[in-house]
**Student:** 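Pasting a structure below so you can have a look.
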2 protein chains.
Amino acid sequence: MSKQESPVLPSAPVSAEGEQACCAPLVCAPLTESEAAELASLFKAIADPVRLRLLSLIACHEGGEACVCDLTAAFELTAPTISHHLKVLKRAGLIDSQRRGTWVYYRLNPGMLERLSAILGPRTAVPASA
Amino acid sequence: MSKQESPVLPSAPVSAEGEQACCAPLVCAPLTESEAAELASLFKAIADPVRLRLLSLIACHEGGEACVCDLTAAFELTAPTISHHLKVLKRAGLIDSQRRGTWVYYRLNPGMLERLSAILGPRTAVPASA
DNA sequence: CCTCTAATTTGACATCTATCTATACAGAGG
DNA sequence: CCTCTGTATAGATAGATGTCAAATTAGAGG
């Protein structure tokens, strides 16, 4: 794998000044070129109808994981195409896979969607008071 | 304009049952084909480093709006290219423009980013208690 | 070892997209 | 009216991307 973690994703978006983040990172300060590039590649990963449905199918599947065979069956696309989309999602760090016998199961990488969400909108992280 | 509002974006993601939404729409139930297509076209609009920076620049600019001349100056790209990206963002409903004299000003379309955010993550809406 | 099925990789191809140059449009000011 | 500046459109081109068919890998089970 060429890259796994995205440094642009704030794990703690709240500023250190004791005040809670005023707003989403995107509207707090202009993105730098490299931040924008990192973010864009993440959004590119989900900016596809097949990949969005894959994410959704995986997330909604019982146990939070889904076999490739289930996923492939949900589309009118060939297995290699589904495999390609899964690879894109995996490379973006959004999902992870695990082989069990003949089958391969995919599940959401926890936190990734929420972090992306936090980039766009305010107050997405769970309240710090809790 | 061929399309303006995206029916897939929930204006009120909280369920009517008095309970707050369990999770993001994406992980509540599998997306339908058309929902996924709608969403994908929205995410495609922001899945570009230049457009992300444009959104960020506009959002951070004083008065919440920015002139095309300011935006163009922030990149090493030609004016037509910037104009193209602004058009993409506008067609997606993310920004809106207003001509004042010779200059054209762009501003964020309120709520759009938050709605996108709500698709991905839980608890994006501002707390109802506030 | 052979075979069968599940999944991925490879390579090709058509389509889409980001960018540029050149041109056109819009308003301000001689 | 003409010209100048700011913005948008049109057309062209290089590169990225989604899809498929064919070939390959991985494990299960004769």
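The chains referred to below are lettered A, B, ... by the order of the sequence lines, with proteins before strands, and numbering in each begins at 1. Computation of the quantities below employed the complete heavy-atom set of this structure, encompassing side-chain atoms and omitting hydrogens, waters and symmetry-equivalent molecules.
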**Student:** What is the distance, to the nearest angstrom, from the CZ atom on B:R53 to the P atom on C:dA18?
**Tutor:**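 In whole Å, C:dA18 P and B:R53 CZ are 16 Å from each other.
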**Student:** Rounding to a whole Å, what distance do you find between B:W103:CH2 and D:dA8:P?
**Tutor:** 14 Å
**Student:** Are A:V104 and A:L77 connected into the same hydrophobic cluster when the rule is that any two of I, L, V, M, F, W, Y join if their side-chain heavy atoms are below 4.5 Å apart?
**Tutor:** yes
**Student:** Starting at atom CD1 of B:I82, determine the distance to atom P of C:dA18, rounded to an integer number of angstrom.
**Tutor:**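 That distance rounds to 12 Å.
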**Student:** Hey, what do you get for CG (A:L26) to SG (B:C60), rounding to the nearest 0.5 Å?
**Tutor:**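 With rounding to 0.5 Å, CG (A:L26) is 7.0 Å from SG (B:C60).
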**Student:** How does protein contact run along nucleotides 17-30 of chain D, one letter per nucleotide 5' to 3', with B for base contact, S for sugar-phosphate only, - for none, heavy atoms under 4.0 Å?
**Tutor:** SSBBBB----SS--
**Student:** Can you tell me if the side-chain N/O atoms of B:K87 get under 4.0 Å from OP1 or OP2 in D:dT9?
**Tutor:** yes
**Student:** Side-chain N or O of A:Y105 versus OP1/OP2 of C:dA7: is the shortest distance under 4.0 Å?
**Tutor:** no
**Student:** Side chains of A:R51 and A:L55: does their closest heavy-atom pair fall under 4.5 Å?
**Tutor:**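 Contact flag for A:R51/A:L55 side chains = no.
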**Student:** Tell me: CG of B:L86 to P of D:dG6, nearest whole Å?
**Tutor:**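 Going from B:L86 (CG) to D:dG6 (P), I get 16 Å.
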**Student:** Enter the distance from A:I58:CD1 to A:L89:CG here, rounded to the nearest 0.5 Å.
**Tutor:** 7.0 Å
**Student:** Would you compute the distance between atom OG1 of A:T81 and atom CG of A:L86 and round it to the nearest 0.5 angstrom?
**Tutor:** 11.0 Å
**Student:** Nearest 0.5 angstrom please: B:H85 NE2 to B:I95 CD1, how far?
**Tutor:**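 Reported value, rounded in 0.5 Å steps: 11.5 Å.
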**Student:** If you look at every strand shown and take non-hydrogen atoms under 4.0 Å, does B:F75 touch a base, only sugar-phosphate, or nothing?
**Tutor:**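 No contact at all - B:F75 keeps every heavy atom at 4.0 Å or more from the nucleic acid.
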**Student:** In whole Å, what is the span from the CZ atom of A:R91 to the C1' atom of C:dT9?
**Tutor:** 14 Å
**Student:** Measure the CG-CZ distance between B:L120 and A:R115 for me, rounded to the nearest 0.5 Å.
**Tutor:** 13.5 Å
**Student:** Who pairs with B:R107 by salt bridge (charged side-chain N to carboxylate O under 4.0 Å, His left out), at least two apart in sequence or on another chain?
**Tutor:**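 B:E65.
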**Student:** Quick one, which residues of residues 58-66 of chain A touch DNA chain C with a heavy atom under 4.0 Å?
**Tutor:**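 Nothing qualifies; none.
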**Student:** Roughly how far, to the nearest 0.5 Å, is CG of B:L52 from CD of A:E38?
**Tutor:** 12.0 Å
